[in-house]
Amino acid sequence: QVQLVESGGGLVQAGVSLRLSCAASGRTFSSYNMGWFRQAPGKEREFVAAISRSGSRTYHADSVKGRFTISRDNTKNTVYLQMNSLKPDDTAVYHCAADRSLNLHTGAYDYSYWGQGTQVTVSS
């Protein structure tokens with residue numbers, strides 16, 4: 001089992017950057033693929049990015065490709081989401097999630113463990 005705590009959100013203006021962090025408890029962090037999802041008010045939870053156990057494979061949603069980058073540091077039990085050129089449409093609660101299966105997944109239902117989320121608000 002793993003517990004996840006996100007941080008790094010805030011209120012920013014369009015065009016700036018933010019880096020979200022997700023700290024995981026436990027000694028088995030490197031056995032999980034990790035993902036970032038976001039949920040805006042009145043919308044369904046949306047896949048943002050995923051990274052494999054070793055960090056060698058990543059996958060980003062088309063809506064964030066070229067602007068957001070997922071990474072991880074297994075020595076620190078932390079996964080990151082670097083967000084550049086933020087837009088108002090990026091406003092959402094951002095959640096990290098952990099998945100023990102072999103493949104990288106984009107569906108929220110594939111992830112077993114979730115953090116409570118961090119709010120990102122981008123003003124125009």
Practice task
Supply the members, apart from Tyr113, of the Ile/Leu/Val/Met/Phe/Trp/Tyr cluster built from side-chain contacts under 4.5 Å; use none for a lone residue.
Solution key: Val2, Leu4, Val12, Val16, Leu18, Leu20, Phe29, Tyr32, Met34, Trp36, Val48, Ile51, Val64, Phe68, Ile70, Val79, Leu81, Met83, Leu86, Tyr94, Val120, Val122
Problem - Main-chain N/O of Phe47 paired with Thr106 side-chain donor or acceptor, under 3.5 Å - result: no
Handout entry: His95 NE2 to Arg38 CZ distance, which is reported to the nearest 0.5 Å
Key = 12.0 Å
Problem - Enclosure of Gln119 CD (heavy-atom neighbours >12, cutoff 6.0 Å) - result: yes
Handout entry: Distance (rounded to the nearest 0.5 Å) between Arg19 CZ and Ser7 OG
Key = 9.0 Å
Exercise for the section: With sequence neighbours left out, write down each residue that passes side-chain contact (heavy atoms from CB on, under 4.5 Å) with Ser52, or none if nothing qualifies. Expected result: Asn33, Ser54, Ser56, Arg57, Leu104
Handout entry: Non-hydrogen side-chain atoms of Gln13 and Ser123 separated by less than 4.5 Å
Key = yes
Practice task
List the atom of Ser124, the atom of Ala14, and the distance in Å for their closest heavy-atom pair.
Solution key: CA-CB, 4.4 Å
Problem - Main-chain N/O of Ala92 paired with Gln39 side-chain donor or acceptor, under 3.5 Å - result: no
Exercise for the section: For the pair Arg67 (side chain) and Ser85 (backbone), establish whether a donor and an acceptor sit closer than 3.5 Å, ignoring hydrogens and angles. Expected result: yes
Exercise for the section: Work out which heavy atom in Tyr111 is nearest to a heavy atom in Gly35; give both atom names and the distance. Expected result: CE2-N, 3.7 Å
Problem - Atom pair SG/CG of Cys22 and Asn77 - distance to nearest 0.5 Å - result: 10.0 Å
Handout entry: With Lys65 via salt bridge (charged side-chain N to carboxylate O under 4.0 Å, His left out) - residues at least two apart
Key = Asp62
Handout entry: Check: Arg53 side chain, Ser31 main-chain N or O, donor-acceptor pair, under 3.5 Å
Key = yes
Problem - Within-4.5 Å side-chain heavy-atom neighbours: Trp114 and Arg45 - result: yes
Exercise for the section: Would you indicate whether the side-chain heavy atoms of Asn84 and Ser17 approach each other to under 4.5 Å? Expected result: yes
Practice task
Could you grab the distance from atom CD of Gln1 to atom OG of Ser112, nearest 0.5 Å is fine?
Solution key: 10.0 Å
Problem - No-hydrogen, no-angle side-chain donor-acceptor test under 3.5 Å, Ser101 and Asn103 - result: no
